[in-house]
2 protein chains.
Amino acid sequence: MLGAARELVTERGLAALTMRTLASRLDVAPNALYSHVANKTALIDYLLDDVLADVEVPAADIDDPVAGLHQLMASTYTVLLTHPDLVPHYLSCQGAHGPNAHRLGDITTALLRRADVSEPAASEALRVLIVYTIGFAAFTSRLPPGTGTEHQPSAAEMLDNFNHGLGWLLTGIQQGRPAPGQAPA
Amino acid sequence: MLGAARELVTERGLAALTMRTLASRLDVAPNALYSHVANKTALIDYLLDDVLADVEVPAADIDDPVAGLHQLMASTYTVLLTHPDLVPHYLSCQGAHGPNAHRLGDITTALLRRADVSEPAASEALRVLIVYTIGFAAFTSRLPPGTGTEHQPSAAEMLDNFNHGLGWLLTGIQQGRPAPGQAPA
DNA sequence: AATTCGTATTGGACACCGTACAGTAGTGGT
DNA sequence: ACCACTACTGTACGGTGTCCAATACGAATT
């Protein structure tokens, strides 16, 4: 069922994922789905976590942990872009709480630790990296119809942009101290 | 009409913003709205930009442009949290294209320029800052019912987290060069 | 002042959505 | 053979965004 739902979203977009269309694809009455899933939101939650299974994690004993973080986030970014419609949901649900999300969180934390980011900062850095990656993916996910007047970046340019920003972020995290000017509003 | 829509969202949440409820608040038939707005999505787009009008911009001649950037983003963050339901929409629409969004973009670019961030990097930095700020706001926007088992951060903690991450980002941007390990997937 | 005209509004309807309720097929364990 | 349980079905309710044709109304023109 999750498989069929994922197919549907991939082929026809999130808007096409309706209890009725999903049911008809499974040759089943719409209500039958509620024997397997509490409601549509729960279904989407499962989907969200399911997608993260495709993220490639760096080797556990990678030499440069910062490079590992970069790889991990970059892979997450590209995987998220596989299902653009889903991405906005990640942020409003605070990034999916299923087993896959948990696993990626643990790996990231371990890499941060190996990069000498000590604890109070580490969990903040984790959240910052998640937000940045998912946020950028969400931001990228809708750009097909080039507006014309302004410069509309291509997917490749966005990936470059993502990598640069990620580099800045990792630099700052390693540096450990915020920039000279910090003035909360 | 935009005003009524904003009230509705503020008082009863985005879910309560329906053509029918909005119409009834204006003592008008639902279809009447379509004389002023193409469809509901367009309505939300207008709302999105409207909210940004409340962002406080730093004085144009501020001494430390990096501090100005920090202020500007922090204000944007808090303003966005005023209407948490709307935030996820920003990312899927790539951050609202109305006049207010444009204005904020220009101000940010000017501050970056004054912070000696030259052009190819400047527009990337702009996008990174937008993504980070909106992303963090979206991430923060749903956290009322403390889960209990894990540490559920408060709004104040999230603001701290936001500020730290923003500091890291600005540090990295000023540094200009990405961290040693950059390996696109 | 009378008439025209365009825009705001209305009533009614369509197609679709998520989901609840009650009842039925089929399957495993005793 | 019976029973409990799960997956499923038919039907239906209330809600949604939005379209169509017809109307009210206020400003501009004659």
Side-chain angles (χ1 to χ4, degrees), chain A residues 1-51 83-94 96-98 141-142 144-145, chain B residues 1-51 83-94 96-98 141-142 144-145:
Chain A
M1 164 170 179
L2 271 183
R6 238 181 116 163
E7 283 175 28
L8 238 172
V9 172
T10 312
E11 295 170 13
R12 304 175 40 201
L14 178 61
L17 176 62
T18 179
M19 293 296 153
R20 285 173 164 85
T21 59
L22 178 56
S24 96
R25 171 168 296 223
L26 295 168
D27 275 321
V28 147
N31 348 356
L33 303 177
Y34 289 87
S35 300
H36 306 265
V37 153
N39 48 39
K40 188 180 178 179
T41 331
L43 171 69
I44 294 188
D45 285 348
Y46 288 138
L47 266 189
L48 253 36
D49 194 75
D50 200 33
V51 169
H83 303 275
D85 291 347
L86 294 183
V87 184
H89 284 269
Y90 277 99
L91 290 164
S92 36
C93 307
Q94 286 192 107
H97 294 281
S141 53
R142 281 297 186 205
Chain B
M1 165 171 178
L2 272 183
R6 236 181 117 163
E7 282 174 28
L8 239 172
V9 172
T10 311
E11 296 170 13
R12 303 176 40 202
L14 178 61
L17 177 62
T18 178
M19 293 295 154
R20 285 173 165 84
T21 60
L22 178 56
S24 96
R25 170 166 297 223
L26 296 168
D27 276 319
V28 147
N31 345 358
L33 303 177
Y34 289 88
S35 300
H36 307 264
V37 151
N39 48 39
K40 188 179 179 179
T41 333
L43 171 69
I44 295 188
D45 285 348
Y46 289 137
L47 266 190
L48 253 37
D49 193 75
D50 200 34
V51 169
H83 304 274
D85 291 347
L86 294 181
V87 184
H89 284 270
Y90 276 99
L91 290 162
S92 37
C93 306
Q94 287 192 105
H97 294 280
S141 53
R142 281 298 188 205

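Reminder, nothing fancy here: chain letters follow the sequence lines and each chain counts from 1. Remember, predicted model here, so these are calculated numbers, not experimental data.
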Could you run through nucleotides 21-26 of chain C and give me one letter per nucleotide, 5' to 3': B if any protein heavy atom sits under 4.0 Å from the base, S if only the sugar-phosphate is that close, - if neither?
-> B-----

Got a second to check how far A:Tyr46's OH is from A:His36's NE2, nearest 0.5 Å?
-> 12.0 Å

Could you tell me, to 10°, how much the axis swings from one end of the helix from C:dA1-D:dT30 to C:dG29-D:dC2 to the other, five pairs per end?
-> 0°

To the nearest 0.5 Å, what is the distance between CG (B:Asn31) and CZ (B:Arg20)?
-> 8.0 Å

Applying side chain to side chain contact (heavy atoms under 4.5 Å, CB included), run through B:His83 and B:Leu48 and close with a yes or a no.
-> CA-CA 9 Å; B:His83 304 274; B:Leu48 253 37; over 6 Å; no

Shortest non-hydrogen separation from B:Ala4 to B:Leu26 and the atoms involved | CB-CD2, 3.7 Å

Shortest non-hydrogen pair, A:Pro30 vs A:Ala23, comes out as CA-CB, 3.4 Å

For atom CG of B:Asp27 and atom C1' of C:dA8, their distance in whole Å | 15 Å

Approximate separation, where rounding is to 0.5 Å, of A:Leu47 CG and A:Leu86 CG = 6.0 Å

Rounded to whole angstroms, how far apart are OH on B:Tyr34 and P on C:dG11?
-> 17 Å

Please identify each residue that fulfils salt bridge (Lys or Arg N to Asp or Glu O under 4.0 Å) with A:Asp49, with sequence neighbours left out.
-> none

Proximal nucleotide (of C:dT19, C:dT9, D:dT9) relative to the A:Ala32 side chain | D:dT9

Who are the side-chain hydrogen bond (donor to acceptor under 3.5 Å, both in side chains) partners of B:Asp50, not counting sequence neighbours?
-> B:Arg6

Would you mind reading off the distance between A:Asn39 atom CG and C:dC17 atom P, rounded to a whole angstrom?
-> 17 Å

Report yes if a side-chain nitrogen or oxygen of B:Thr18 is closer than 4.0 Å to either non-bridging phosphate oxygen (OP1 or OP2) of D:dG17; otherwise report no.
-> yes

Atom CG of B:Leu33 to atom P of D:dG17: distance rounded to whole Å?
-> 10 Å

Whole-Å distance between D:dT16 C1' and A:Met19 CE?
-> 16 Å

Atom-pair distance (NZ on A:Lys40; P on D:dG15), nearest Å | 19 Å

Please report, rounded to the nearest Å, how far the C1' atom of C:dT19 is from the CG atom of A:Leu22.
-> 15 Å

Would you mind writing out the side-chain donor-acceptor pairs for residues 11-18 of chain A within the sub-3.5 Å range, not counting sequence neighbours?
residue, atom, partner, partner atom, Å
A:Glu11, OE1, A:Arg25, NH2, 3.1

Nucleic acid contacts of residues 4-15 of chain B, taken as heavy-atom distances under 4.0 Å to DNA chain C = none

Would you indicate whether the side-chain heavy atoms of A:Leu33 and A:Leu43 approach each other to under 4.5 Å?
-> no

On DNA chain D, nearest-nucleotide positions of A:Ala29 versus A:Arg20: which is more 5'?
-> A:Ala29

Between B:His36 and C:dT7, is there a side-chain N or O to OP1/OP2 distance below 4.0 Å?
-> no

Are the side chains of A:Leu91 and B:Tyr90 in touch, meaning some heavy atoms are under 4.5 Å apart?
-> no

